[in-house]
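Data block below; observations after.
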Amino acid sequence: MDPNAVININGANFNLWRDANGPSVIFGCGSMWRAININNGSSVNFRGSRIRDGIQGLTINPGFNNTVSEITDCTFTLNSASISASNVFNLTFSAFSGNTFIGKPIFGSGYLPPHVSNQPAFGFNLNNCRGTIGSSGAQNGFTLLSTAFYSNGGTYTINNCTFNGNVYTDWEGFGTGIGIWVRNANLTIENIFSNGVSCSFANNRRSIRFDFSGNLVLKNASFTNSSVVDVEVVGSAQPYNIDISNNTFTIGNPSQQSIFIDRAAQAGGIHTRVQSNRFNLPAGGAALSNNLRFVDVVSRPGTTDQAIIANNQITCAYGNGPANGGVARTTDAIWINGTADGYQVSGNIINFVNANNNVPPNANIDGVAIGMTLNNGINNII
């Protein structure tokens, strides 16, 4: 593809397949090409191919033919955005599996100009779309991106995907190493196709950021070693529902939080549930470098805040404090902060394994099992 080139597919099917001679490859010639536009009435059928060096990459436009569109076993690498779309309300493929999205390489930039190393790199870069990403078959993998899946607005279901090692940061603030970042949107992660999980997240800075958004259903997922936070729900300016259930969290160092929910509850019934999750902070390794909270909830101001935090199992076998040069760290299992009135915290199993062992790295733990602070309500149940 020539520099800044655009291909428009109009009323046609664009096939890009692997055959006996190997994969078909789209790549840049000296600098990045711009976009392959799949326009109204068109479809895309990519199998076992390679797509790299795109500024907007494969761009899905409104009215595309999704019923016969397939992207399977493809590799997207060194694109500013591998797949882009805006106002597409049928962003679902007949098959979407076995694909790999790779951003910044471990050594060097690798990108063609005009992309520079501190610009954002997206797997998906969407605006106000609706659809399902991920189908049965091999998992889709996202790695070394600033934000693997980003959207402002829309409603999405994401299945059968692995987000691993997305730690690439950029100066524009679009990505601080995030697996999934949605704003003003609805997100469901729930269905299991392979590996016994809906989606898996490992070694990201932030695995999920749910920002100014609506409804979040997060079930049957696994999280391992996020360096800042696993699930972050912040700043909602509208009514929303949160259901974070039946997930597993293996907390690494230097994680600060596993689940953080800001302004979690609202008037008119229970809208926030954190239930039946399993958390484990294993023994061994260096001392904690930050204070840690497994479930950290800031209530929405008001006298009718309600939420359920129940039947979670939290095991902390890890020490802190004196092992880190005498600097005390705290490890809190469930922490509720604000004017909560109507929280139900019940059935949780919380086990601090090494609480009396002062031998580094399993030094004594300075923290609490369940803590509530600045709470004015009288209807909270623990």
Side-chain angles (χ1 to χ4, degrees), residues 1-62 64-65 69-86 88 91 93 96-127 129 133 140-150 165-172 174-175:
M1 297 274 279
D2 286 335
N4 215 35
V6 175
I7 291 180
N8 285 300
I9 308 300
N10 298 313
N13 184 48
F14 184 16
N15 296 320
L16 195 71
W17 293 354
R18 170 187 289 274
D19 62 15
N21 297 314
S24 297
V25 182
I26 295 177
F27 59 94
C29 182
S31 65
M32 302 183 86
W33 49 276
R34 178 159 296 278
I36 301 171
N37 293 315
I38 309 300
N39 296 320
N40 185 29
S42 299
S43 58
V44 56
N45 198 307
F46 285 6
R47 301 176 185 175
S49 299
R50 301 174 185 171
I51 301 92
R52 58 179 295 160
D53 307 324
I55 295 175
Q56 292 175 276
L58 183 64
T59 303
I60 309 296
N61 289 304
F64 94 110
N65 186 349
S69 289
E70 171 185 331
I71 303 177
T72 55
D73 302 317
C74 293
T75 300
F76 295 80
T77 183
L78 297 175
N79 303 291
S80 294
S82 293
I83 297 179
S84 302
S86 182
V88 176
L91 193 64
F93 300 86
F96 192 97
S97 65
N99 302 297
T100 303
F101 296 79
I102 305 172
K104 180 180 173 66
I106 297 175
F107 300 105
S109 172
Y111 288 93
L112 294 179
H115 190 105
V116 295
S117 59
N118 60 354
Q119 283 184 317
F122 302 96
F124 279 81
N125 186 14
L126 309 178
N127 177 62
C129 297
I133 304 301
N140 303 288
F142 298 79
T143 188
L144 296 173
L145 296 153
S146 51
T147 302
F149 182 98
Y150 173 79
N166 295 291
V167 295
Y168 170 33
T169 60
D170 66 79
W171 60 271
E172 293 189 52
F174 284 105

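Basis for what follows: all heavy atoms, side chains included, without hydrogens, waters or symmetry-related copies. FYI, the numbering just counts along the sequence from 1.
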Donor-acceptor list for residues 2-14 side chains, cut-off 3.5 Å, not counting sequence neighbours:
{"residue": "N4", "atom": "OD1", "partner": "R34", "partner atom": "NE", "Å": "2.9"}
{"residue": "N4", "atom": "OD1", "partner": "R34", "partner atom": "NH2", "Å": "3.1"}
{"residue": "N8", "atom": "OD1", "partner": "N37", "partner atom": "ND2", "Å": "2.9"}
{"residue": "N8", "atom": "OD1", "partner": "N39", "partner atom": "ND2", "Å": "3.4"}
{"residue": "N10", "atom": "OD1", "partner": "N39", "partner atom": "ND2", "Å": "2.7"}
{"residue": "N13", "atom": "OD1", "partner": "S43", "partner atom": "OG", "Å": "2.5"}
{"residue": "N13", "atom": "ND2", "partner": "N15", "partner atom": "OD1", "Å": "2.6"}

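From L126, atom CG reaches atom CG of L91 across 6.0 Å, with rounding to the nearest 0.5 Å. Atom CD1 in I51 sits 6.0 Å away from atom CD1 in I26 (nearest 0.5 Å). A distance of 8.5 Å separates CD1 in I38 from OG1 in T59, rounded to the nearest 0.5 Å. For the atom pair R52 CZ and L78 CG, the distance stands at 5.0 Å (nearest 0.5 Å). Expressed to the nearest 0.5 Å, how far OG of S42 lies from CG of N65 amounts to 8.5 Å. Annotation: the span from L112 atom CG to D53 atom CG amounts to 4.0 Å, rounded to 0.5 Å.
Nearest approach of F64 to S69, heavy atoms of both residues: CE1-OG, 3.4 Å. For S49 against S24, the heavy-atom pair with the smallest separation is CB-O, 3.2 Å. Here the closest heavy-atom approach between residue H115 and residue Y168 is recorded as NE2-OH, 3.9 Å. Taking both residues in full, the closest heavy atoms of S84 and Q56 are given as OG-O, 2.9 Å, listed atom of the first, atom of the second, then distance. Residues F76 and S82 approach most closely at CB-OG, 3.4 Å, considering heavy atoms. Closest approach of N79 and A121 over heavy atoms only: O-CB, 4.2 Å.
In the model, N45 has a side-chain atom that pairs as donor or acceptor with a side-chain atom of W17 under 3.5 Å.
Within 6.0 Å of CZ in R47 there are more than 12 heavy atoms belonging to other residues, nucleotides or ligands.
When side chains are defined from C-beta on, S80 does not count as touching N125, because their heavy atoms never get closer than 4.5 Å. With a 4.5 Å cut-off on side-chain heavy atoms, I36 and V44 do not count as touching. The shortest side-chain heavy-atom distance between F46 and L58 falls under the 4.5 Å cut-off. Side-chain atoms of R18 and D73, non-hydrogen and from C-beta on, never get closer than 4.5 Å to each other.
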Please test F101 against I83 for side chain to side chain contact (heavy atoms under 4.5 Å, CB included), starting from the C-alpha separation and ending with a verdict. CA-CA 10 Å; F101 296 79; I83 297 179; 4.0 Å; yes
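Taking the six-membered ring where the residue is Trp, F96 and F93 present tilted rings, their angle falling between 30° and 60°.
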